Each structure stands twice: as structure tokens, then as C-alpha cells.
Colleague: 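Take a look at this one; I'll ask things after.
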Amino acid sequence: MSRLLEIEDLSVRYRMLPSWRAAMQSQDPYLNAVCGVSFAIEEGQSFALVGESGSGKSTLARAIMGIEKAHSGSIRFQGHELRGLSKRGYKSFRRNMSMMFQDPAGSLSPRLTVKRLITEPFLIHQIRNTNIEDEAIKLLQMVGLGSEFLNRYPHQLSGGQARRVGVARALALSPKLLVADEPTAGLDVSVQGEVLNLLLELQQQQNISVLIITHNLNVVLHFADRMAIMYLGRFIEQGAAQEIFLRPRHPYTQALLSSSPEPDPDSKGSRIELKGEVSSNMDRPAGCEFHPRCPIAQSLCTSTAPRESSADHGHSFSCHYPVAIFNEN
Amino acid sequence: MARTHKRLDGLIEIWAHLRREPLGIVGLLIVVLVIGSALLADALILVDPVKLSIRDKFMPPSLAYPLGTDYLGRDIYSRVIAGSRIAMTAALVAVSISAGIGLVLGIASGIGPRWLDYSMLLLFDTLRSFPVVMFALAVVTLIGPSLTTIILIIIVISIPLFGRAVRTQTLTLKNSEFIQSEIAMGASLPRLMGVHILPNVLGPIMILAAMEIPVVIAMEAGLSFLGFGVRPPTPSWGNILNDGFKYIRNSPWPLIFGGAPIILTTLGFTFLGESLRDVLDPRLRKES
Amino acid sequence: MLVYVLKRIGLALVIIILAVTLLYLMIHAVPGDPATVMLGPRATPELIAQLHQRMGLDKPLPVQIISFFGRVLSGDLGTDVFQEKPVAGIIISVVPYTLILVGAGIAWSLALGIPLGVFSALRPDSWIDKVAGILSVAFIAMPAFVVGLYALLLFAVTLGWFPVIGGGEGFAGQLHHLVLPAFTVGLGWVGYLARIVRASMLEVLAENHVRHARAHGLPQRVVHYQYVLRIAILPAVTIVGIGIGAMLSGVVFAEIIFARPGLGKLIFVAVQQRNFPLIMGTVLVTTTLFVVATTLSDIVNALLDPRIRERL
Amino acid sequence: MLSDPVLQIRNLSVEFSARKRTIRALRNIDLDIPRGGTVGVVGESGCGKSTLILSIMRLLAPNSKIVSGDIVFEDRSLFELTEREMQSVRGNEISMIFQDPLTSLNPVISVGQQLIDVQYRDSVAKKVKQQRAIDALSQVGIPDAEARLSSFPHQFSGGMRQRIAIAMTMIEEPILLIADEPTTALDATLEVQIIRELKELQKQSRCSILFVSHHLGVVADLCDYVVVMYAGEIVEQGPVRDLFYNVRHPYAQKLLECDPARIVRSAEKKFPTIPGDLPDLGNLPGGCIFSNRCHSAFDKCETHSPRRTEVSTGHSVSCHLY
């Protein structure tokens, strides 16, 4: 297997204050949305980014797509460095990477028909040697929609249908990498599965790599080979999805895992409650950034940031007092 | 071919909605009437609108002079009809030019670099901060009164209106997910503008333009009334009022019939514009 | 907050300076020089040169502009070459009339427009709301000067209830003279305010927090007048600022139609005489009034809305 | 049915008119809320959860109409009360927590004032009301409560705002609390906190809770009685253990299967779904509403509406299979 995407020490930041004002109030003028993140996706594999709102997962995805400017680090796609490329330079790679945005209907241009929407990629990349009409029908078929959808407009689609059109559009040029930002956001549980199944099926058929962003850990286990948990723009734990599910080492991961409990009336009290709320990106806590919320924080955590430790199978985490591994069977 | 079909379907749909708005229908009728009289003015007038017949001055409405005569005995009816042509010309020319310029500046401001946006905003704010009539009067002093001057003034002061609206619309679109998604697919800037931004901006601008027409008509008439617009004896509605105002104690008819078309036209365009907006505004349409 | 206020005032100053500079530039961009235009057929080379010197037209443009602002800062708007009087004095003597007219126009339109808007919004789609809606649109659409002319014709000339011309003597007399002009400049704003208040009130009524307040059993009165109106009134505040500015335009017509002293009448006469210093002065003063009004309304708006207050 | 209910809904049907069509949003709802108990309502979008709540609060939009049925609260029919009487029920006896904490507080009125406003019925000194507000805020875990009274809603995070909303109901000490998806808009780690606050509140005030959610895990944790809704009808209801361990209705079964937390258990690498679409509530087909999506539907399902059958004490299901 070869590495399709390699991210190294990537940071993204936004300017929040003009520098004179920042100096006056002795504040950092930047909001560090993503700080020093490294990971890789193999060809045909899927990788999940998990985190709560504001953790920087969408920003990271957009930086990879070149919509957001990365401040430092490296983004290598098929061995080519993407960071710092011009718009034109990026364009030649966009054929091979595509992104699905959160809002199913909102990410479709409102005045275009489904046919236009799903064949846009061909027009943008000036691919003329195909019959657009056939291609459109084929794509619709691929995502399980009939050709009667060709002339509909986005506002005439249900959430699930709009999502399917989004998938068709993203996969129109058979990309190597698909970035899916919360592909099930706003969908009912009974429809959620359909979209995920579709993505799974197409991924296996076409050997696409998928970077999926979600806040629902349970979706991940089924979907992803590897995953990373983000907190305040950093990866606090990363590894094989199965591994993290069975043996979470970071207390935050553990809490997240416990937060979507089985619908079982007798398993009461299994949820781990964290104190307080996610700290502000602009005002990061000293030491381990998770310590104000951590149920097991010690004095060391308030002063020193933990370094990344590794466990087996490429599993790594940043915690001074990782969760002990019990129920090993 | 397919495209014209789509347009036609759109028009039919608009009509279907508009039919249920009585006020909009009234507005439409008035607008058709005014535009019709402007187009057919030559056929509709009874006598030459600038022809004097001092003997018949200050006549009340009669068979010979349906709307009476003014202080020089000119036929007010013919002058009103001829005036509609001037009003419509001023309105259409001024509105379409300023909407066009506003569209370009607004999109540039919304999509361009920050410094451009700031300077555009400053320009719009500055142009808007002259009280309109004072500004107009100052300009008239400089380049002399004429229809062209009025149209020029109206263009300049309407640009900020359109520019700002387009800018806001563009900014909202720019941050929307569908534009982001086009960018992620590698769409070029001209493509973004032409295919995705422009069509979505155009609708609201058309409505705004329709709503601006009555304002322009009022402005032309107002400046002419003050004596700073269309030069007499050309029959503009404002000029009719000007004459009537001077001789208000002699005869009320020029004043009454000079003002009526202005009020009627502005009301007509406004009612039509309002109804069109209600019909076209997708937010409202979804509900009803 | 302080930063915002300062920024806003700074912006206002920049706009005033830009506006005046623009006007200055325009005067000079026009073919023919102002002195010649002013003097008309009377122009002789000597007279022109003399006027040039008196108006500072012989110096380079940037110097002219800067010295103009310099003089403005010391309260000197130049001298009216026709009456040989300082422009500032002439303007100051008529400003009160205009301000009173604008104030009266805004006051009565607020007093009628806001309750009308609230009333309509609380009974959406009732026949009263529909009538109020049509009237509002009609008031907005009708040009103020035609309204003024009709009012003059009907109430002053035909019925004789109100005086035809002048500013009036004594308080009662002034009030009597104020009625028709104030009616003229305010009518459109009754419509504007009613519409804006109605629309924003309906919008706020549909917001979640209103349902929340109702679910907690808050009395109708409290919900409508404290929880909703407080937010719904904000756009109206902004509009009043713009309204004052726009009325400065409207007063030109009102002052001419009702032969009332004021800035509008002043500039009208100045334009007819091509009296550039007086025109410049009046435009500067009205522009300043306009910008001050919009700036104030922005600041008041920010003060009323904690969300904006906070962000600044 | 359960003994001593605070709220009884009998045969409630509600319709909307939209685009000249009649949407039959709720049909024949029967539901009891026991004193001190917690009833969970689950269902997907369009199932009528919100309409149900708004009917109880009598805050339905003007284009809706109650076609039949009654809601009896503490021996009074809510539909027979005057608007003024209803006002004194709202907040005082039935209180409510909304879904989106970001929009449910008035943005231009200070939090303290809003907490005082809900006490308008009490004729005690403002000082006392203020003190109550402070106490309630500290109880729901807002640090520095006294100083924060003068803050405005936007100065609090989403989780904090939901706590403020809980503090409001805490002050009102209602007999019944309706919680409309109070955690849906919040992150997972905050959800745990809010649920604990709700449990705390109930322990203190012994109020009954009607808890609406689509998160089955939370319902299992919090509620002792569960109601499953689909397309405007109650398809199954029963005590929490009966329902989760012995689920009968095919829709309820599927819904449980689809719950993301259950997915982990299944070995098959495929996500469970419920194929098909909701029926059109403006043009209802005859027979069982779920028949078009049901995997065990038979002839009768398409022609006859199932009646409600009690399968064990308090556990009833509307399905021809039982």
C-alpha cells in the first residue's frame, strides 16, 4: 500500500485582532484552529476525524482541500507538496480529491438542475470526451437515484436525496480522496445509514480513500480504518479505529466513547461526565490543555503539556496519566 | 431553445402568483398605461403640447381641453401625455445604468480584496451622505439644468443603493457552502461569478431596480418643478407643476393634473414592485 | 465600545472631508471657471481676476481645499460675494427653521408610524393590517413635493385653514405655519416607520425566544412591549438617522412650496444666483448634519443592542 | 393506564392547513404522564413530537386546529381554559425547556431580568426574586452567579444557556416539565451534564417530565416510560424496560437497530436503515401508516388501521401482528 495523503505538523490559524490591538491587550492576534497535526492516509483506506464543535476538524479538512490557507507544516498528496501552491497549481490535484460539505442542500448551487450539478466537475476540468448526459445518468444510478431527478432543483430534494446528489458530484471524476464533512449531519437515524452504506460501498468498489469528519464515534468504528480525536486543534489520540474503541488511552476519548450509551435502561451510570466546557481557542489553558475538564488531572497536568506517547499498532496519545487498560480479553 | 422555454415557464409562474395580488394587478395596469402613453404619445396627444393659445388660458376641464389649460393656454392633457415620455425615459435610462454600475462595483467589492471592499464602502457612504436634493442643486449649478443632468445625478446617487445591496448579497453567497464546494472542485473565478454568483444576485437587483423607478420619476419631476430640470417649454410633469404653482391662485387645474400622473405612476410602480418582490422572494414563496 | 464610537466619528469626519473635496473637485472639473459662471455676462477680465483672488481660486487646488478646511475649522465659511456678508452668519440665521421643521416631521411620523407598525404586526392579515399596509406603501411612494403642493392647494388656498407663506411670528404663529410643511416632510416617513416596525416586529415574534417567554407564561403585554418591541425597534432607530438626512432633502421642497425660511430655501436662491460660497457652505452644513444624524443613530443602535455593544 | 396521572391526553388529533392542503399532523394520541414520572417521547423528524408539545402548551401556530380530543391537566381540561387562565398554567404549573439554547433567551434583556420576569406572579420584593435567581443559577452550576445576573445571553456558551433555561424552570417549580430535545444542539460531553442537571431538578422538585428526544440512549437512561411516535401516531408505548428489552412494533424495532450505539455491536459491516419514505400527511393512505416501509406487512396492513393492543401491563402497541 502506498500513502496517498501525508500531513505533517500542519497548523492553520486565523487573524482575530489587528496586531496593534493585540499588542495593546497583550493577546495573541491569532486563533490557532489547527496546531501541529500529523497523520497519513493510505490508498483505499479511510480515516476519521472525531471531535466536538470548535475542535478544528472542519478547518483541517478545508486546509487539505486548499480552501483554507495552512500556516505551516506540509500536505503531501500522491507525493506532491500542496501547501503553498497557487490556485492554478492546486487545480490539477482537485480532480483527484473532492469534498462533501455539511449542509446537504446548502452545498448545491440553488439555480442549477441536478444534471448540471453533478456534471459540473466535467465542465470545470474541461473534460469533453464524454457524453455528459450519459455520465449524469450513470452517476445518478451509482448513488441510487433514478433519471427522473435530472431536471430537479436542489430545493425539490429531500435531505437524503440532496446528500446522494452530493456524493454523485463528489465522485464524478473518480477521485482518489474524498473528504466528507459530517456526511450524516441533519439526517434522521434511519436515513443516516443509507448514506453511510452508499459511501462504504463506493469506497470499496472504487478503492477511494476517505477522510470522514464526524462527532459520532460509533459511526467511525464501522466506517474507518484509523481515527484521530481532536481537542482544541490538536490530535490527543490517534490510532486504528478498533484499537481506540477497545483500548482508549486518553480520558477525553474515554468520555466521548461513553457519551453515546447503548439504549439500555439497566446500564445506568456508565457515562463519564466531564467538568465545564471546552476551553476557548483564544485562551488556552497552561499545561495539558484538557486538564480543566479532566476527571483525573494531577498537578503535573496543570503545568506541563504531555508529550505524545505511542502504544502498539501505531496508536499514540498525549496524556501524562493514560487510562489503564483493563478488561483485556 | 430550451432556455427560452425555461424563461417562459418562469414568467408564467410569476403571472400565476401575481394574479392573486389585487394591488399588484392595479399596479401592473397603471404601469402598462404609463408605458403605453409614453410609447404612443405622438398619437395620443390632441394638440401640440407647446402650442400657445393665450385666449384659452386657465380653462377648467372641458371637451376641448380634457384637463384644462395652463397660464399660456396650453393643453394640459397633451402636456401630461408628452411628459410621460420624459419621465419614463429618465427612469429607465437612469435606473438601468446605475443598476449596471452598482452590480459591477458591488460584486467587485464583495469578492475582491479587503482594501477594495473598504474603499468601495467609503465611496458608497460618501455618495450617500450628500442630502440628495442639495447635491442635485449643486450639480445643476455647475453643469446647467437639462434632462441629461438629471439623469446623471440620479445615476450617481443611485449607485450606492445598488452597490451596497449587491455587495451584501455577494458576501452572503461567497460564504455559503455551495460556493465553497465549487471552490473545492476547482471552479475558476469567472465561472464562480458567472454561473453561481451573478444569477443569484440578479433577481434581487431586478426587484430593487423596479422599486427605484418611482423614486427616479419623483426626482425628475421634483427637480423640474424647482426649475432645475427639463428646460421649459418642454412638457415635463415637473414643469407643469412649476407653472401651476406660480399661478395657484388663478387656476388649480394645472397643479391637480400635473401632480396626479406623478402620484399615479409612483404608486403603480411601487405596488407592482412590492407584489413582484413578494412573488419572487423564495422565502415567502415557500410558505404560501 | 469607546473604540467603536471613536471609529464611527472618525469615519464620519472622513466622509465629510471626502464629500466636500468631491464637490470642490467637481466645481473645478466642470468646463468654465466658477468665477466666470458666477459673474455671467457681467464678466470682465478685471472682475474675474478680482473674484479669483477673493475666493482663493488663483491658488493650486490642493491648497484651496486645505485652506477651505482650515477656515471651516475656525468657523469661517467664506463670504457671500453678493450680500457681502459672512456665509456662516447667513446659514446660522436660517438653520433653526430647518431643524424645527425636520424635528417636527420626524416627531409626528414617529408618533404615528411606530404605533401603526406595532398595531399591524400584532394583528397580521387582519383588514386593519391590510389597509395600513396599503397606506404605508402609498405614503412612501408619493413624492413629498406633490403631497406638499396638494396640501397647499387644499388646506391653505382653497380652505384657508393654514397660512400660505412664511415662518410665522410668536409660538402659536410658528406652530400654525409649521403644520403643513411638517405634514409634507413627515408623511412618507410614517409609511416607512410603520412598515419597518411591522416587518421587524413580525420577524422577532417568530423567533424562538418569544415562544420561550410565552411558554413561561409571561403576560402578553410584557412579551410584546418588553421582549419583542425592544428588539423590533432597532431597525427603526437606524432608519430615523437616515430619515433625518433624507428630510434635509425634503425640506427644500417644503420650504419653497410654503415659502418658509431655511437651508433649503437658502440653497435654492443661492443656486439661482450661482453663489458658490453660499452653495458650498450650505452643502457642507447639510452634509455634516446628515452625517452626524446617521452616526448618532448608529451609536444609539449599538448602545441599545447588547450584542453589538459587546462585539465592539 | 397508570394511576394518578398529572396529564392525560385523550384521543388528540391536530391538523394544519398549508398550501390549501390539510396536514394531519397528529392522530388519536392517548398518553398519560404519571405524577413524578418521566415519560420519554422518541421519533424521527415529522413524527409530530413538536406538535404534541405545542398542543399541551396551547402554543400552536394559528394555521393549526385541534380536531378532536382533550388534554386534562390536574383535573382541568386545558382546552377549556381561557387564554388568561392558560397563561397562569404556563411557566407556573407546566414549564418548558427548548431545543436550541442559542435562540431561546431574549438577546437584549439581561439574564437576571429574564429570571426575575418569570417570577412576575409572585408579589415579593425584587430583592427576593433576585436572590432566587442567584440561587437557581448557582444550583445549575453557573459560577459567580451574582455577578453574571447583568450579563446578556450571548455572553454565555450554549451549554451555559441551557443551564440558565433549567434555572428558570427551577425557580418556577412546575408540576410538569416539558423538555424538547434539550441536548440535541449540544456537544456530547455537555449532554451528559445537562441530563444530570435535569435529574437533579426532578429529584428536588418532584415534577413530572415529558422528555422528547431522538437519542435513545438518553431516553433509556432518564425515563421510566417511553412513547414511540411515527408519522403523527403513537405506535408503541410502555415502561422503559418493556420497551427496550421487549420491543414489539416493527418501526420501534428498526429505530432501535438504527441507533448508532447499537451499530457497534453488530458484526455485519453495513449500517441498518429503514428504507422508504414517510407517508404524505396531507394525503394519508388507508391502513397502517407504517405499512409501506414495514418488512413484515401483510394484506390487512394496507387496508385496516391497527388498533391499540395492550401486550403487558402498561405496554401497548398498534400493530396487526399483536
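Heavy atoms only: backbone and side chains are in, while hydrogens, waters and symmetry mates are out. Quick caveat: nothing in here was measured; it's all calculated off a predicted structure. Order of the sequence lines fixes the chain letters, A, B, ..., with proteins taken first and strands second; residue numbering starts at 1 for each chain.
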Colleague: Based on non-hydrogen pairs under 4.5 Å, which of B:L23, B:I263, B:L123 is most in contact with chain C?
Modeller: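 Most heavy-atom pairs under 4.5 Å with chain C: B:I263.
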Colleague: Verify whether one side chain among C:T238 and C:S297 offers a donor that lies under 3.5 Å from an acceptor in the other.
Modeller: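 Looking only at side-chain atoms, C:S297 and C:T238 do not form any donor-acceptor pair under 3.5 Å.
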Colleague: Under 4.0 Å between a Lys/Arg side-chain N and an Asp/Glu carboxylate O for C:K7 and C:D298?
Modeller: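 Looking at C:D298 together with C:K7, the answer is no, because their closest N to O distance does not fall below 4.0 Å.
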Colleague: As an exercise: rank C:V147, C:V146, C:I256, C:T282 by heavy-atom pairs under 4.5 Å with chain B and give me the winner.
Modeller: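 With the most close heavy-atom pairs to chain B, the winner is C:V146.
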Colleague: For each of B:G238, B:G227, B:P214, B:P252, tally heavy-atom pairs with chain C at distances under 4.5 Å, and name the one with the top tally.
Modeller: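 Option with the top pair count is B:P252.
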Colleague: So what's closer than 4.5 Å to chain B heavy atoms on C:V14: side chain, backbone, both or neither?
Modeller: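 It is the side chain, since no backbone atom gets that close.
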Colleague: Would you mind checking which part of C:V283 comes under 4.5 Å of any heavy atom in chain B, side chain (CB onward), backbone (N, CA, C, O), both or neither?
Modeller: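 Side chain of C:V283 only, per the 4.5 Å heavy-atom cut-off to chain B.
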Colleague: Under 6.0 Å between the ring centres of C:Y192 and C:W189?
Modeller: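 That pair passes the under 6.0 Å test.
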Colleague: Under 4.5 Å from any heavy atom of chain C, what part of B:I217 do you find: side chain, backbone, both or neither?
Modeller: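 Answer is neither: B:I217 stays 4.5 Å or more from chain C.
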Colleague: If you check every heavy atom in residues 152-161 of chain B against those of chain C, which residues fall under 4.5 Å?
Modeller: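 Result: none.
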Colleague: Under 4.5 Å, counting heavy-atom pairs only, tell me which of C:T288, C:V291, C:T286 racks up the most with chain B.
Modeller: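 That would be C:T286.
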Colleague: Could you tell me which portion of C:L11 (side chain, backbone, both or neither) has an atom closer than 4.5 angstrom to a non-hydrogen atom of chain B?
Modeller: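 It is the side chain, since no backbone atom gets that close.
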Colleague: Is C:I257 in contact with chain B via its backbone, its side chain, both, or neither, using a 4.5 Å heavy-atom distance?
Modeller: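 The answer is both parts of C:I257.
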Colleague: Considering only heavy atoms, which portion of B:F228 lies under 4.5 Å from any heavy atom of chain C: side chain, backbone, both, or neither?
Modeller: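 The answer is the side chain of B:F228.
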Colleague: Which bit of B:A221 is near chain C, if near means a heavy-atom gap under 4.5 Å: side chain, backbone, both or neither?
Modeller: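 For B:A221, backbone and side chain are both near chain C.
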Colleague: If you tally heavy-atom pairs under 4.5 Å against chain C, which of B:L255, B:L267, B:T270 wins?
Modeller: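 Max contact count across the listed options: B:L255.
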Colleague: Can you name the residues that form a ring pair (Phe, Tyr, Trp, His ring centres under 6.0 Å) with C:F183, not counting sequence neighbours?
Modeller: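 C:F183 satisfies ring pair (Phe, Tyr, Trp, His ring centres under 6.0 Å) with C:W108 only.
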Colleague: So what's closer than 4.5 Å to chain B heavy atoms on C:L18: side chain, backbone, both or neither?
Modeller: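 Contact with chain B is through both the backbone and side chain of C:L18.
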